Amino acid sequence: MAEEEYKKVTETVFNVSEPSLSPPPPAEKAAEVVAPQETLEGSKTLVPTVAKEVEEEKKEGSINRDAVLARVETEKRMSLIKAWEEAEKCKVENKAEKKLSSIVSWENNKKAAVEAELKKIEEQLEKKKAEYVELMKNKIAQIHKQAEEKRAMIEARRGEETLKAEELAAKYRATGTAPKKLFGFM
């Protein structure tokens with residue numbers, strides 16, 4: 001029953017032209033028509049008279065009122081729907097922003113973890129580099145030490161051989177004999 005009334009009201013809303021938003025004037029004021037009447041003295045006075053249109057206007061007024069009420073109800077429903085739509089859109093926007101911010105924080109965390117790992121690897125490489133530099137310096141020092149030892153041995157041998165040559169030369173001078181090998185050829 002209520003659905004039938006709703007259908008009738010909505011049909012009348014769409015079939016009736018848009019009435020003004022102001023409420024219709026009260027029936028009493030609309031029904032009064034002021035007509036001049038003559039009094040006994042001959043002067044004219046204004047006396048209100050009720051016209052036949054009062055009954056018709058009451059019928060039209062109730063139809064207008066129903067149409068206005070139906071339109072107000074429709075507007076109310078539409079505003080509620082619009083408010084609901086805005087609330088849902090707001091929820092969707094908030095949810096999306098929340099997810100986007102969680103993605104940004106996830107990205108930042110992952111970047112920080114990768115950068116920390118990179119820094120750790122760089123530190124390890126620096127440490128290995130320092131170890132290899134020290135190892136190479138030690139090798140260079142060891143090579144230098146070996147070269148110094150070899151130089152010292154050669155200098156010592158040269159000194160010994162020089163002394164030996166001087167002693168032999170002194171011996172040959174003392175004996176007056178010549179060496180058997182002259183410059184290694186003989």
Side-chain angles (χ1 to χ4, degrees), residues 2-7 9-22 67-186:
E3 290 178 10
E4 291 176 12
E5 288 178 1
Y6 174 73
K7 289 179 182 176
V9 169
T10 55
E11 286 175 7
T12 57
V13 167
F14 293 115
N15 292 335
V16 175
S17 64
E18 290 285 327
S20 65
L21 293 177
S22 63
V68 168
L69 289 175
R71 188 167 49 99
V72 167
E73 187 177 327
T74 304
E75 287 176 0
K76 181 180 176 184
R77 191 175 335 108
M78 290 300 170
S79 67
L80 288 174
I81 291 170
K82 187 174 182 179
W84 175 85
E85 179 184 14
E86 291 297 321
E88 288 298 313
K89 285 181 181 179
C90 187
K91 283 181 191 177
V92 168
E93 288 295 322
N94 290 340
K95 190 175 183 180
E97 286 297 322
K98 186 177 180 182
K99 286 185 178 184
L100 287 175
S101 67
S102 69
I103 289 170
V104 168
S105 67
W106 174 83
E107 180 185 17
N108 290 339
N109 286 340
K110 292 296 180 179
K111 281 183 181 179
V114 169
E115 288 175 359
E117 186 177 348
L118 178 65
K119 194 170 187 178
K120 182 180 176 183
I121 290 171
E122 285 176 350
E123 288 174 0
Q124 289 175 349
L125 289 175
E126 288 292 324
K127 187 176 178 182
K128 280 189 175 184
K129 182 181 175 183
E131 289 174 2
Y132 280 122
V133 165
E134 190 170 341
L135 184 66
M136 294 301 131
K137 285 183 179 180
N138 289 342
K139 281 186 178 182
I140 290 171
Q142 189 176 9
I143 290 170
H144 183 68
K145 182 181 176 185
Q146 288 175 352
E148 287 294 321
E149 288 174 357
K150 287 182 180 183
R151 282 189 199 110
M153 287 174 56
I154 290 174
E155 288 292 327
R157 189 175 293 148
R158 180 172 54 170
E160 287 175 6
E161 288 179 2
T162 305
L163 281 175
K164 186 177 178 184
E166 287 176 2
E167 287 175 3
L168 281 175
K171 179 179 160 189
Y172 288 130
R173 281 189 200 113
T175 59
T177 60
K180 294 182 180 175
K181 290 184 177 179
L182 185 62
F183 299 112
F185 294 118
M186 292 191 218

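Keep in mind that this is a model prediction, so the values were computed, not measured.
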Tell me which pairs pass salt bridge (Lys or Arg N to Asp or Glu O under 4.0 Å) where either residue lies in residues 136-147, with sequence neighbours left out. none
What distance do [X] atom [atom1] and [Y] atom [atom2] have between them, rounded to the nearest 0.5 Å?
X	Y	atom1	atom2	answer
Leu135	Ile140	CG	CD1	10.0 Å
Glu160	Glu167	CD	CD	10.5 Å
Glu88	Ile81	CD	CD1	13.0 Å
Glu86	Glu93	CD	CD	10.5 Å
Leu69	Thr74	CG	OG1	10.5 Å
Glu149	His144	CD	NE2	11.0 Å

Lys89 and Glu85 ion-paired at < 4.0 Å: yes
Taking only residues two or more places apart in sequence or in another chain, which ones pass side chain to side chain donor-acceptor pair (under 3.5 Å) with [X]?
X	value
Glu148	Arg151
Thr175	Thr177
Arg173	none

Using salt bridge (charged side-chain N to carboxylate O under 4.0 Å, His left out) as the criterion, list what pairs up with Glu155, not counting sequence neighbours. Arg158
Show me the side-chain donor-acceptor pairs of residues 95-119 shorter than 3.5 Å, one per line, residues at least two apart or across chains.
residue	atom	partner	partner atom	Å
Ser101	OG	Glu97	O	3.3
Ser101	OG	Lys98	O	2.8
Ser102	OG	Lys99	O	2.7
Ser105	OG	Ser101	O	3.4
Ser105	OG	Ser102	O	2.8
Asn108	ND2	Val104	O	3.3
Asn109	ND2	Ser105	O	3.4

Under the side-chain contact (heavy atoms from CB on, under 4.5 Å) test against Glu75, which residue among Arg71, Glu73, Met78 passes? Arg71
I'd like to know whether CE of Met136 has more than 12 heavy-atom contacts from other residues, nucleotides or ligands below 6.0 angstrom. yes
